[in-house]
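The structure appears below as structure tokens.
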Amino acid sequence: MMDECYQTWAQLEREAGTQLHRQTELLLLGMKENPELKTIQATLSRQGIEHECLSSADLKQRFPNIRFTGGEVGLLDKTGGVLYADKALRALQHVIRQLGGTVCDGEKVVEITPGLPVTVKTALRSYQANTLVITAGPWTNRVLRPLGIELPLQTLRINVYYWREKVSGSYSVSQAFPCILSLGQAPHHIYGLPASEYPGLMKIGYHHGDSVDPEERDCPTTSSDIQDVQILCHFVREHMPGLQPEPDIMERCMYTNTPDKHFILDCHPKYGNIVIGAGFSGHGFKLAPVVGKILYELSMKLPPSYDLAPFRISRFSTLSKAHL
């Protein structure tokens, strides 16, 4: 799917006349025997994606501002990079309006009445349409419950941290520093993006968080928040000697995870004109062009462009009849 997404992002970039994506390469780090690293390498090879395997000695030579302490090896995905999400959203909304669409922001959905047409009532007005696509993120089950379905989704509050460079620019996009993904250093992935959105600050985060009600995501810090930052502080002290050992900024986002971390792209099991896109599990934004295309195909009853078996609701065989 990513192959088509790269092409579509590039097309949107040309139409918008502004940079939405920056190719930085992605450096995956782990021990040679790490099964996940082996799987990713096999996938890159099978898909013909340009990559490079780096020994411990190669890593030390190529990336002097990363400290390698345990005999790690590297896998460099040459196609990896950063999407500028805020700019991408603005560009998408601009294109929608140019094509005659309407963006109605800041309207809370209060009721959905299935049928033909389906009716959506918001805090401001009512809408009717032959087909409805629901992509409600962390609020998905809140919207779906009155429609007789509850999906196995876990909403997580994710803390995102920014670490100041000791020497400005040493971990920046302009110095060709890559995105990094560390496998096996902690129970979940540790990832980093080169300094860009905040000048002089590198983004490093932990790919996990606490279960949270989306309405209460800004509640006070919990004990596991402290554990997250301790894991990241240890990683920065051990491996990123050019960064200050404590973060400068903490922000929050939310993940909506499925049990297998694959998306849900499917029609409602009872109402075929209600289409659901959910459970993007912290890795959905980059795939938005293809996800949008699939949801469109489902809504128009067109043959799908991709095999949707991994994304069907029915794969969760443990769902009781009460949930469906």
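Sequence positions, counted from 1, serve as the residue numbers for this chain.
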Donor-acceptor pair, side chain of [X] and main chain of [Y], under 3.5 angstrom:
{"X": "Lys32", "Y": "Ser55", "value": "no"}
{"X": "Asn159", "Y": "Asp228", "value": "no"}
{"X": "Glu165", "Y": "Tyr171", "value": "yes"}
{"X": "Arg237", "Y": "Pro245", "value": "no"}
{"X": "Glu150", "Y": "Asn141", "value": "no"}
{"X": "Asn273", "Y": "Gly115", "value": "yes"}
{"X": "Glu13", "Y": "Leu20", "value": "yes"}
{"X": "Glu4", "Y": "Val290", "value": "no"}
{"X": "Ser281", "Y": "Thr258", "value": "yes"}

Within the structure provided, determine whether [X] and [Y] are in side-chain contact (heavy-atom separation under 4.5 Å).
{"X": "Pro269", "Y": "Ile313", "result": "yes"}
{"X": "Leu29", "Y": "Phe63", "result": "no"}
{"X": "Thr79", "Y": "Met2", "result": "no"}
{"X": "His239", "Y": "Glu72", "result": "yes"}
{"X": "Leu151", "Y": "Leu144", "result": "yes"}
{"X": "Leu28", "Y": "Leu26", "result": "yes"}
{"X": "Pro259", "Y": "Phe316", "result": "yes"}
{"X": "Ser196", "Y": "Arg22", "result": "no"}

(request) Determine, step by step, whether Arg62 and Glu52 satisfy the side chain to side chain contact (heavy atoms under 4.5 Å, CB included) criterion, reporting the C-alpha distance in whole Å, the side-chain angles of both residues, the deciding distance to 0.1 Å, and the verdict. (result) CA-CA 12 Å; Arg62 293 271 289 273; Glu52 193 177 347; 2.9 Å; yes
(message) Looking only at side-chain N and O atoms, does His21 offer a donor or acceptor that is under 3.5 Å from a partner on Tyr6?
(response) no
(request) Answer with yes or no whether the side chains of Gln11 and Gln7 bring together a donor and an acceptor at under 3.5 Å. (result) no
Can [Y] be reached from [X] by stepping across I, L, V, M, F, W or Y side chains whose heavy atoms are under 4.5 Å apart?
{"X": "Leu75", "Y": "Leu193", "value": "yes"}
{"X": "Val73", "Y": "Leu44", "value": "yes"}
{"X": "Tyr191", "Y": "Tyr84", "value": "yes"}
{"X": "Val82", "Y": "Tyr162", "value": "yes"}
{"X": "Leu298", "Y": "Val291", "value": "yes"}

(request) Inspect the contact between Asp213 and Arg142 and indicate whether a charged nitrogen and a carboxylate oxygen are less than 4.0 angstrom apart. (result)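 Looking at Asp213 together with Arg142, the answer is yes, because their closest N to O distance falls below 4.0 Å.
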(request) Given side chain to side chain contact (heavy atoms under 4.5 Å, CB included), test Trp139 with Lys108 step by step and report yes or no. (result) CA-CA 11 Å; Trp139 290 271; Lys108 185 174 182 177; over 6 Å; no
What closest approach, in Å, do [X] and [Y] show between heavy atoms, and which atom pair accounts for it?
{"X": "Thr18", "Y": "Lys87", "result": "OG1-CD, 4.5 Å"}
{"X": "Leu153", "Y": "Ala278", "result": "CD1-CB, 4.3 Å"}
{"X": "Gly81", "Y": "Thr24", "result": "CA-OG1, 3.4 Å"}
{"X": "Pro114", "Y": "Ile112", "result": "CD-O, 3.6 Å"}
{"X": "Pro194", "Y": "Pro178", "result": "CD-O, 3.7 Å"}
{"X": "Trp163", "Y": "Gln244", "result": "CE3-O, 3.6 Å"}

(request) Take the angle between the ring planes of Trp9 and Phe285 and call it parallel below 30°, perpendicular above 60°, tilted in between. (result) parallel
(message) Which label fits Tyr206 and His208: parallel for a plane angle under 30°, tilted from 30 to 60°, or perpendicular past 60°?
(response) perpendicular
Drop me the distance from [X]'s [atom1] to [Y]'s [atom2], to the nearest 0.5 angstrom.
{"X": "Lys166", "Y": "Asn65", "atom1": "NZ", "atom2": "CG", "value": "12.0 Å"}
{"X": "Leu12", "Y": "Cys5", "atom1": "CG", "atom2": "SG", "value": "12.0 Å"}
{"X": "Ser172", "Y": "Leu201", "atom1": "OG", "atom2": "CG", "value": "12.0 Å"}
{"X": "Leu132", "Y": "Tyr271", "atom1": "CG", "atom2": "OH", "value": "12.5 Å"}
{"X": "Cys179", "Y": "Met202", "atom1": "SG", "atom2": "CE", "value": "8.0 Å"}
{"X": "Thr131", "Y": "Leu295", "atom1": "OG1", "atom2": "CG", "value": "12.0 Å"}

Can you confirm whether more than 12 heavy atoms, excluding those of [X], are under 6.0 Å from its [atom1] atom?
{"X": "Glu215", "atom1": "CD", "result": "yes"}
{"X": "His94", "atom1": "NE2", "result": "no"}
{"X": "Lys301", "atom1": "NZ", "result": "yes"}
{"X": "His234", "atom1": "NE2", "result": "no"}
{"X": "Glu50", "atom1": "CD", "result": "no"}
{"X": "Lys78", "atom1": "NZ", "result": "yes"}

(request) Give me the one residue out of Ile274, Ile276, Val275 that meets side chain to side chain contact (heavy atoms under 4.5 Å, CB included) with Cys267. (result) Val275
(request) Please assess Thr113 against Lys121 for the test side chain to side chain contact (heavy atoms under 4.5 Å, CB included), listing each intermediate value before the final yes or no. (result) CA-CA 8 Å; Thr113 307; Lys121 185 181 176 186; over 6 Å; no
(request) Check each of Lys261, Gln154, His207 against Tyr255 using the side-chain hydrogen bond (donor to acceptor under 3.5 Å, both in side chains) test, and report the only one that passes. (result)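 Passing option: His207.
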(message) Test side chain to side chain contact (heavy atoms under 4.5 Å, CB included) on Lys203 and Tyr198; report intermediate values, then the result.
(response) CA-CA 9 Å; Lys203 177 178 178 176; Tyr198 291 121; over 6 Å; no
